[in-house]
Amino acid sequence: MKKATWLLPFALLFGLQLVAQEHYTEGPVWRVSTIRVKPNQMDAYLTSLRQSSKPLLEEQKRQGIILDYKLFLKETRNDPKDWDIALAVLYKNHAAMDNLAAKGEMVRDKILGGKQQAHQLGEKREEIREIISSELIQEIMLK
């Protein structure tokens, strides 16, 4: 009886995945960060993204660490605390995120010059923006 009780949660979980797989196939994985830019700081923030983040992301793309990236500018505001910019980074799958920190550090050191320079950049950005959320979402294709 204990064996059956132990297997029940796994059977339910596996069964739910089978039902889900019936409806879609799994696609790539996106990391989406939403950011609120502080008042009168949009130009400074976009300049920082263009000068520092773009070369970093382009190098990660060139090395195959990421597949692509996109920036989105929110044109509607439902609340004063809404986000202004979303940064979406595309990975082939969840496995592509293995050892991501180590891969990212190598690119960071190459592009930004090292941990200290990246830390200073982060501190400057904290003065002009606030990260609202960072979500990991998987693209799916309906069958």
Side-chain angles (χ1 to χ4, degrees), residues 4-143:
T5 305
W6 182 78
L7 289 174
L8 183 61
F10 290 107
L12 287 173
L13 181 62
F14 184 68
L16 289 174
Q17 279 192 311
L18 283 177
V19 170
Q21 292 296 317
E22 175 183 313
H23 299 290
Y24 64 85
T25 55
E26 295 177 344
V29 177
W30 289 89
R31 166 69 67 190
V32 181
S33 299
T34 57
I35 297 140
R36 180 174 42 247
V37 181
K38 293 184 179 177
N40 303 315
Q41 296 297 320
M42 184 62 78
D43 186 57
Y45 187 61
L46 290 172
T47 298
S48 176
L49 289 176
R50 187 174 35 82
Q51 291 175 348
S52 302
S53 296
K54 184 178 180 184
L56 192 73
L57 291 163
E58 287 291 335
E59 180 63 20
Q60 288 179 341
K61 190 174 172 181
R62 191 187 70 69
Q63 289 187 22
I65 298 170
I66 66 173
L67 295 178
D68 201 5
Y69 67 94
K70 302 213 180 282
L71 281 167
F72 298 92
L73 185 62
K74 187 172 185 189
E75 296 182 336
T76 58
R77 186 168 283 241
N78 300 316
D79 183 296
K81 295 183 178 182
D82 261 352
W83 58 272
D84 300 302
I85 292 180
L87 170 63
V89 179
L90 182 62
Y91 299 90
K92 181 178 180 180
N93 51 34
H94 288 283
M97 299 175 80
D98 290 348
N99 300 316
L100 194 55
K103 295 173 192 173
E105 287 173 4
M106 289 187 338
V107 174
R108 174 203 68 200
D109 292 348
K110 178 180 178 181
I111 300 298
L112 299 178
K115 186 176 183 176
Q116 184 177 359
Q117 290 85 342
H119 183 71
Q120 289 171 346
L121 176 64
E123 286 179 342
K124 286 179 185 175
R125 284 193 180 161
E126 285 301 311
E127 296 172 8
I128 60 175
R129 61 100 164 107
E130 176 185 359
I131 297 174
I132 303 301
S133 70
S134 182
E135 310 291 335
L136 191 62
I137 57 177
Q138 184 159 30
E139 194 173 320
I140 61 171
M141 284 66 81
L142 295 175
K143 291 183 178 180

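Every heavy atom of this structure was used, including side-chain atoms; hydrogens, water molecules and symmetry mates were not.
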For [X] and [Y], which heavy atoms make the closest approach, and how far apart are they?
X      : Y      : answer
Phe72  : Trp83  : O-CZ3, 4.1 Å
Arg125 : Ser52  : NH2-CB, 3.6 Å
Arg36  : Pro80  : CD-O, 3.9 Å
Ala96  : Tyr91  : CB-CB, 4.4 Å
Gln138 : Val29  : NE2-CG2, 4.2 Å
Ala118 : Leu112 : CB-CD1, 4.0 Å

Check the surroundings of atom [atom1] in [X]: do more than 12 heavy atoms from other residues, nucleotides or ligands lie under 6.0 Å from it?
X      : atom1 : answer
Glu123 : CD    : yes
Lys38  : NZ    : yes
Asp98  : CG    : yes
Lys74  : NZ    : yes

Just by distance, do the side chain of [X] and the backbone of [Y] share a donor-acceptor pair under 3.5 Å?
X      : Y      : result
Lys81  : Ile132 : no
Thr47  : Asp43  : yes
Lys115 : Asp109 : no

Could you tell me the separation between the [atom1] atom of [X] and the [atom2] atom of [Y], rounded to the nearest 0.5 Å?
X      : Y      : atom1 : atom2 : answer
Lys92  : Ile65  : NZ    : CD1   : 14.5 Å
Met141 : Glu26  : CE    : CD    : 9.0 Å
His94  : Met97  : NE2   : CE    : 8.0 Å
Leu56  : Arg108 : CG    : CZ    : 9.5 Å
Tyr24  : Leu142 : OH    : CG    : 10.0 Å
Arg31  : Ile137 : CZ    : CD1   : 10.0 Å

Kindly indicate, with the supporting measurements, whether the criterion side chain to side chain contact (heavy atoms under 4.5 Å, CB included) is fulfilled by Met42 and Ile85.
-> CA-CA 10 Å; Met42 184 62 78; Ile85 292 180; 3.6 Å; yes

Test side chain to side chain contact (heavy atoms under 4.5 Å, CB included) on Ile35 and Tyr45 and set out the steps.
-> CA-CA 10 Å; Ile35 297 140; Tyr45 187 61; 3.4 Å; yes

Is the closest basic N to carboxylate O distance between Glu59 and Arg62 below 4.0 Å?
-> yes

From CA spacing to verdict: salt bridge (charged side-chain N to carboxylate O under 4.0 Å, His left out), Glu58, Lys61 = CA-CA 5 Å; Glu58 287 291 335; Lys61 190 174 172 181; 5.2 Å; no

Let me see the working for Gln116 and His119 under side chain to side chain contact (heavy atoms under 4.5 Å, CB included), right down to the final yes or no.
-> CA-CA 5 Å; Gln116 184 177 359; His119 183 71; 5.5 Å; no

Can you spot which of Ile66, Leu71, Ile111 makes a side chain to side chain contact (heavy atoms under 4.5 Å, CB included) with Leu57?
-> Ile66

